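I have placed the structure first, in the form of structure tokens, so that the comments after it can refer back to it.
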Amino acid sequence: MKTLINSLILTLFFAPAFVWAQNTVSGMVTEDGTDIPIAGVNIIVKGTTTGTVTDFDGNFSVSVNTGETLIFSFIGYQTQELKYTGQPTLNISLTEDASLLDEVVVIGYGAVKKEDVTGAADLVTTKDFNQGPIVNAPQLIQGKVAGVSVTSSSGAPGDGQEIRIRGNSSLSLSNNPLIVLDGIPLDQGGIGGSRNPLNMVNPNDIESMTVLKDASATSIYGSRAANGVIIVTTKKGKSSDFKFNFNTLTSIGTPIEKVDVLNAEEFRQVVPTLPRADATTLGLLKNYDTDWQDEIYGNAFGQDHSFSALGAAWGVPMRASVSYTDYGGILKRDSFKRTTGSISLTPKLFDDHLKIELNARGNYTENFFANRDAISSANSYAPTEPVYDANSPYAGYSSWTEASGLKPSLAGTNPVALLYLKDDESEVRRLIMNAKLDYQLHFFEDLTATVNVGLDKSNSHGRTNTSEFMPTTDPTWDGANTKFENETTNQLFDAYLTYNNTFNEVHDLTAVAGYSYQSFEYDNYSYDSIDEANNVTYEFIDKSKNVLLSYFGRLNYDYDGRYLVTATLRADASSKLNPEDRWGYFPSVALAWNIHNESFLEDSKLNELKLRVGYGEVGNVNGLGDYLFLTRYSGSQSSANYQFGNSFYQTYRPDPINPDLRWEVGNTLNVGLDYSFLNRRISGSINAYLKETKDLIASATIDPFTNFGSRIEKNIGDMENKGIEFAINLVPVRTEDFEWSINYNIAVNDNEITNLPFDQQTGDISGGTGNQVQIHTEGEAPYSYFVFEQVYDASGKPIEGAYVDRNGDNQINDEDKYIYKNPYANILMGLNTNLNYKKWDLSVITRANLGNYAYNNIASANSYSNNIIPTTNNYLTNIHSSYLDNGFVFPTEENFRSDHFVEDASFFKIDNITLGYTIDEAIKNSSFRLYGSVQNLLTVTDYDGLDPEINGGIDNNFYPRPRTFVLGLNVSF
């Protein structure tokens, strides 16, 4: 029995078409065996584009001539045709079609029914996407797919995400998955001036997202797919009369938490108790009560509007859309504005033998980047200082300069001045377009030739202007400005042949063979006014290009719908590697058994039971610099230019080279089981995997006398990921008026470096000079914390400066540090539920991470009483309130690297709650859905910092994620 929620959503997206005919027939479409009305059924007069769809109660009315045939179709049901003979009423029942219930899954260079998928692939469609103020594509599937982690880098509007599919698999290369948009693999590099390269597509334009997780599913994309693939498919036109959709929302984001620093009263109580406090110090205490975090944070208002038209123009299916997005950040002055436009044409010619797909989307983004230095300053600036001072020479902002003559940069800068005396703006223009032609040969209809040509071009401009009134130590300071220009060009050419045939009704064979060429070009320019004033190099020009050339092939064999085999081979050549090691060959094979199609299960209640086994290899050079195997030259910095007379000249030095760099290769074994029973009211999948990455590329120390530097990128290690994923979809209740559905997924992942000839320190922190708290070492997870073991007294209070002498040599040094936890969760969970009662709908989206730890760098760097009164004794600095509990006095190298600051950051989050109400036929042939939602509603955690979900695990002046309230309206007509 088809779910009512699918019917409701399809009703919102498909509105009745205007038709003309001599007779009008009305009726109702119901589900066979239950008599439940089906909404959203397409009813077309055969041979025309005239038709309609059923309303929420299954009713329809259509104009038709006697003798014409009506076609009734709906996803998941058998299509029926009925000849009209003049009857005034037609009531019809549709029967479920098990073969159609298997959704079509887009894979590399093709698409298959979900029942025929042999690899680990998850499909998320429009009806399952997350709701709320969604800015970019990955947010749509956050918490929806087992083993996939999507973490926003900050609470800034439009900021990027860290996306991990089955954990990390590289040390220094990119761990992000490949994103494929309508057949175009997107550049994984950054775009200057852009908060997030994935902001270019309006989420309302997306029809589905397929996540390919194991090598047998991803290897057709070769080297770019080392970390998985997310295939984004946008909405396309239909052969019907035009239907329109308008979606609008307004939002308000509010700050939730603040960093726990001393307030003004606590500050005034602590300062007099400090050893260095004297009359001069006490004279610095003012009577102001300033919460600097309140001064820099505020409510963030947002709006998002989109309009789309879908139908057939002059017989050509098309879809066009425009949208405008404007979101402010809770950090004052932060803003993200985006305007998008897209058009898709999908004509068919020559009796449908030639299928053409034309896609184009343009994007214009305006960013104002609020000065994030204000965040750290707000956590340390004295709370007894005022925001404004009428006598200040710094545009009226208070500064320690007036109080003591101290140079402002030593004392820190007024956080509000940092926000308002620096402007950082950018504009990004991006065009993505492709033309795909599928020609089914007239003289050999089993063979289809495909050509896909794509272009992804962006152009960005940005500038930073710092006011001459900004407090600074430079006596000649007269303001500063920098600017940059960035242009990227991504060109794609794919050509491949697809052969498909069925022999003796039981042997189905599909073969794909093709060629791909993709180039990436970058042109960067920047300018610095301060360098120009100092007569040093003030312009920077950087141009680069890399190319990927590939051949690929895939063979799919299906015997009687029961036994499936997929074999893939891709050969990649990357210009990033030397000619001898440039080519990489990446094979995969997968087997699947559709057990439910066996005769011994004919009478069972199983809708699907499929066993899958797959193994494959993929390479990786994503994130590797260009041409590291060749000698390259870098210009000297302005401070190291060569002086000749009164002039300074830039010099050039050779960079280190490694002619032996080769592919980083990942091998993945995956065993999976897909299941569905009780009329698909229970369905899901189980996957177990083992991924081994060989020849890890990482930074290695070398003898400087044998090269042009002391460090190079080198193939030096191995890593292993293993885990289990489980997903289940339940429909506990399904009646005519009420439906309740639940989706739950859990993934367990263990990540370990299995071979590394020498340890690598990483994880830079604030506090001290050059301190790091993480390490890559053999036998441990990457980015594990490498710290001293804190000693505590009987009451559990940390004893300052006391650490465990782990090697027993009666001294505390680096030999006593040990591995303690890592920032990545061992267990990821997602729990989502949807309830639909008549015209009401409610969705709740939750997530949990277990086993992840965070280093609280805010507390570790600034919870010492000696920080309050510097030795100069003429200004004051605020500290973290953990001082009230631990009483730490002296900041030392050991304190900064204590495991006391590594905290359990496991969490449970309610990401989104949305409540909606749909009004049908308020205006003829239209539907309205009014909804409200709350995003980032609740976080439950033991972590003492601002937010337990921190990319990389080091919590240092994090831009807080807001709680957002949304009111929206969706109109279909």
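None of the values given here were measured: they were computed from a predicted structure.
A donor-acceptor pair shorter than 3.5 Å cannot be found between the side chains of Ser208 and Thr125. Residues Trp292 and Ser377 bring no donor and acceptor atom of their side chains to less than 3.5 Å of each other. A donor and an acceptor atom, one from each side chain of Asn204 and Ser306, are located under 3.5 Å apart. Judged by distance alone, the side chains of Thr365 and Asn363 do bring a donor and an acceptor atom under 3.5 Å apart. Judged by distance alone, the side chains of Asp764 and Gln772 do bring a donor and an acceptor atom under 3.5 Å apart. Inspection of the Asp334 and Tyr959 side chains reveals an N or O donor paired with an N or O acceptor under 3.5 Å. Side chains of Asn856 and Asp955: a donor-acceptor N/O pair is absent below 3.5 angstrom, by distance only. No side-chain donor-acceptor contact under 3.5 Å links Asn379 and Ser376. No donor-acceptor contact under 3.5 angstrom links the side chains of Asn849 and Glu949, judged on distance only. One side chain, Asn970 or Asn245, offers a donor N or O that lies under 3.5 Å from an acceptor on the other. For Ser426 and Asn367, the side-chain atoms include at least one donor-acceptor pair closer than 3.5 Å. A donor-acceptor contact closer than 3.5 angstrom is absent between the side chains of Asn481 and Asn465. Side-chain contact check for Gln142 and Asn130: no donor-acceptor pair (N or O, by modelled atom type) lies under 3.5 Å. Side chains of Ser153 and Asn951: no donor on one and acceptor on the other come within 3.5 Å. The closest side-chain donor-acceptor pair between Asn199 and Arg195, if any, does not fall under 3.5 angstrom. Ser323 and Thr340 share a side-chain donor-acceptor pair at under 3.5 Å. With no hydrogens or angles considered, no side-chain donor-acceptor pair links Ser399 and Asn414 at under 3.5 Å.
Enclosure of atom OH in Tyr288 is not indicated, since only 12 or fewer non-hydrogen atoms of other residues, nucleotides or ligands lie within 6.0 angstrom. The 12-atom threshold is not exceeded at OH of Tyr837, counting heavy atoms of other residues, nucleotides or ligands nearer than 6.0 Å.
Between Asp456 and Arg430 there is a salt bridge, since a side-chain N of the basic residue sits under 4.0 Å from a carboxylate O of the acidic one. Ion pairing between Arg463 and Asp424 fails under the 4.0 Å rule for side-chain N and carboxylate O. A salt bridge does not link Arg268 to Glu266: none of the charged nitrogens lies less than 4.0 Å from a carboxylate oxygen. Under a 4.0 Å N-O distance rule, the pair Arg847/Asp911 qualifies as a salt bridge. Residues Glu366 and Arg338 are not paired through a salt bridge, judged by the lack of any N-O separation under 4.0 Å between the basic side chain and the carboxylate. Between Arg333 and Asp423, at least one side-chain N (NZ, or NE/NH1/NH2) sits under 4.0 Å from a carboxylate O, which counts as a salt bridge. Under the 4.0 Å criterion applied to side-chain N and carboxylate O atoms, Arg961 and Asp159 are not assigned as salt-bridge partners. Under the 4.0 Å criterion applied to side-chain N and carboxylate O atoms, Asp841 and Arg929 are assigned as salt-bridge partners.
At distances below 3.5 Å, at least one donor-acceptor pair connects side-chain atoms of Asp291 with backbone N or O atoms of Asp294. Between the side chain of Asn486 and the backbone N or O of His461 there is no donor-acceptor pair closer than 3.5 Å.
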### Task
Give the intermediate values and the outcome of side chain to side chain contact (heavy atoms under 4.5 Å, CB included) for residues Ile165 and Ile230.
CA-CA 10 Å; Ile165 298 178; Ile230 299 178; 4.3 Å; yes
### Query
Does the pair Lys821 and Asp904 meet the rule for a salt bridge (Lys or Arg N to Asp or Glu O under 4.0 Å), with working shown?
CA-CA 9 Å; Lys821 308 297 182 180; Asp904 185 352; over 6 Å; no
#### Entry: Test log, rule side-chain hydrogen bond (donor to acceptor under 3.5 Å, both in side chains), inputs Asn745 and Glu725
CA-CA 7 Å; Asn745 63 79; Glu725 300 164 349; over 6 Å; no
#### Entry: Audit row: Ser860, Asn857, side-chain hydrogen bond (donor to acceptor under 3.5 Å, both in side chains) steps and yes/no
CA-CA 5 Å; Ser860 70; Asn857 199 187; 2.9 Å; yes
### Query
Going through the distances and angles, do Tyr420 and Phe469 end up as a side chain to side chain contact (heavy atoms under 4.5 Å, CB included)?
CA-CA 10 Å; Tyr420 288 92; Phe469 297 110; over 6 Å; no
### Query
side-chain hydrogen bond (donor to acceptor under 3.5 Å, both in side chains) between Ser380 and Asn878: does it pass, once the steps are laid out?
CA-CA 4 Å; Ser380 60; Asn878 201 4; over 6 Å; no
### Query
Can you list the steps and then say if Thr914 with Asn912 is a side-chain hydrogen bond (donor to acceptor under 3.5 Å, both in side chains)?
CA-CA 6 Å; Thr914 299; Asn912 185 277; 2.6 Å; yes
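The aromatic rings of Tyr855 and Phe901 stand perpendicular to each other, their planes meeting at an angle above 60°, with 30° marking the opposite boundary.
For the pair His880 and Ile858, the minimum side-chain heavy-atom distance is below 4.5 Å. Proximity of Thr488 to Ser458: side-chain heavy atoms (C-beta onward) are separated by under 4.5 Å at one or more points.
Residues Tyr388 and Tyr397 bring their aromatic ring centres within 6.0 Å.
Cation-pi geometry between Lys909 and Phe907 is met: under 6.0 angstrom from the ring centre, within 45 degrees of the axis.
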